[in-house]
Amino acid sequence: SQQGEEDPQALSIQEGENATMNCSYKTSINNLQWYRQNSGRGLVHLILIRSNEREKHSGRLRVTLDTSKKSSSLLITASRAADTASYFCATDAWAAGNKLTFGGGTRVLVKP
Amino acid sequence: DAGVIQSPRHEVTEMGQEVTLRCKPISGHDYLFWYRQTMMRGLELLIYFNNNVPIDDSGMPEDRFSAKMPNASFSTLKIQPSEPRDSAVYFCASRVNTEAFFGQGTRLTVV
């Protein structure tokens, strides 16, 4: 079973709206990362949040982490058509041998 | 650096044939991961290496799959014999510290 599970599986919004997706995981982590995948391409790292952090920002991205609930959220503000992609969370844990385990992803469609 | 390089980009093969996928990680990265992506199963970790040593191959689906990393700049994933259910996109990724860098993937079709 996958360590991270994203919710929702798919999201359709209008350009300019915010997009929020969630990730739940099962075991203790050292950090949680979010990646983006455009159709037919490899994954690209977006942002990392460490287990001792609660919130982090990068441009139009905002990530939160609640280790008590084992969950994270990614918010994309003022979305653009170019944000259309799949977004994945990945958990990283030293106890798991530093392997990076991905969730099922959220497919985001931003309509112009 | 050119990033993680995978070859071939596309592979079409007949059932029963041997398939070899190749990966050149980013220089200086000490971890290398092989993932398989399908619509049904998402992104699955097959195997990963640390300093060229296999650490966890529990994700390798069957004995038909094998992976090697003979040196820090090259890894292969071999499927022998291939089956139609092996059709997927196979990604290689490398990392140092935290962030992973992915190759463009190899789209494998077994007919």
Side-chain angles (χ1 to χ4, degrees), chain A residues 1-10 21 23-27 29-53 56 58 61 63 65 72 85-107, chain B residues 1-10 21-26 29-51 53-60 67 88-109:
Chain A
S1 62
Q2 297 186 73
Q3 166 73 317
E5 293 295 336
E6 284 91 339
D7 167 56
Q9 291 188 332
M21 59 210 85
C23 169
S24 60
Y25 57 93
K26 298 174 183 175
T27 61
I29 60 172
N30 295 101
N31 65 71
L32 187 142
Q33 304 176 33
W34 285 91
Y35 287 77
R36 164 190 168 133
Q37 183 181 33
N38 288 89
S39 180
R41 308 295 296 271
L43 280 72
V44 176
H45 182 267
L46 292 176
I47 192 167
L48 175 152
I49 187 164
R50 300 189 186 282
S51 60
N52 61 353
E53 297 176 311
K56 201 161 184 182
S58 176
L61 303 179
V63 170
L65 180 65
S72 174
S86 291
Y87 294 82
F88 295 85
C89 69
T91 55
D92 188 5
W94 294 334
N98 285 347
K99 65 182 175 183
L100 210 51
T101 307
F102 287 82
T106 294
R107 295 188 309 279
Chain B
D1 202 317
V4 177
I5 300 173
Q6 291 186 246
S7 64
R9 288 295 310 277
H10 301 274
L21 311 181
R22 297 173 175 81
C23 175
K24 176 179 168 52
I26 294 173
H29 284 195
D30 56 354
Y31 282 87
L32 184 139
F33 302 84
W34 281 101
Y35 292 92
R36 176 172 70 176
Q37 187 176 38
T38 61
M39 287 294 292
M40 290 297 294
R41 300 177 68 86
L43 198 61
E44 301 173 276
L45 176 63
L46 300 178
I47 185 172
Y48 74 104
F49 297 82
N50 178 219
N51 293 320
V53 176
I55 302 301
D56 186 347
D57 65 354
S58 61
M60 297 285 260
V89 180
Y90 291 80
F91 286 102
C92 172
S94 69
R95 73 188 284 198
V96 61
N97 297 325
T98 54
E99 178 183 348
F101 293 81
F102 280 74
Q104 292 299 304
T106 294
R107 181 173 296 277
L108 173 65
T109 303

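Heavy atoms only: backbone and side chains are in, while hydrogens, waters and symmetry mates are out. Owing to the predicted nature of the structure, the values given are computational and were not obtained by experimental measurement. Numbers restart at 1 for each chain; the letters A, B, ... are given by sequence-line order, proteins then strands.
Of the two parts of Tyr35(B), only the side chain, counted from C-beta on, holds a non-hydrogen atom closer than 4.5 Å to a non-hydrogen atom of chain A. Contacts between Arg50(A) and chain B at a heavy-atom distance below 4.5 Å involve the side chain alone, from C-beta outward. Only the side chain of Leu48(A) comes within less than 4.5 Å of a heavy atom of chain B; its backbone N, CA, C and O stay farther away.
Chosen from Gln6(B), Gln37(B), Arg107(B), the residue pairing most often with chain A at heavy-atom distances under 4.5 Å is Gln37(B).
No side-chain donor from either of Glu99(B) and Asn97(B) sits under 3.5 Å from a side-chain acceptor of the other. Asn30(A) and Asp92(A) are not linked by any side-chain donor-acceptor pair at a separation below 3.5 angstrom, with hydrogens and angles left out of the test.
Partners of Lys99(A) under the salt bridge (Lys or Arg N to Asp or Glu O under 4.0 Å) rule, at least two apart in sequence or in another chain, are Asp56(B). In this structure Arg36(B) satisfies the salt bridge (Lys or Arg N to Asp or Glu O under 4.0 Å) test together with Glu44(B), sequence neighbours excluded.
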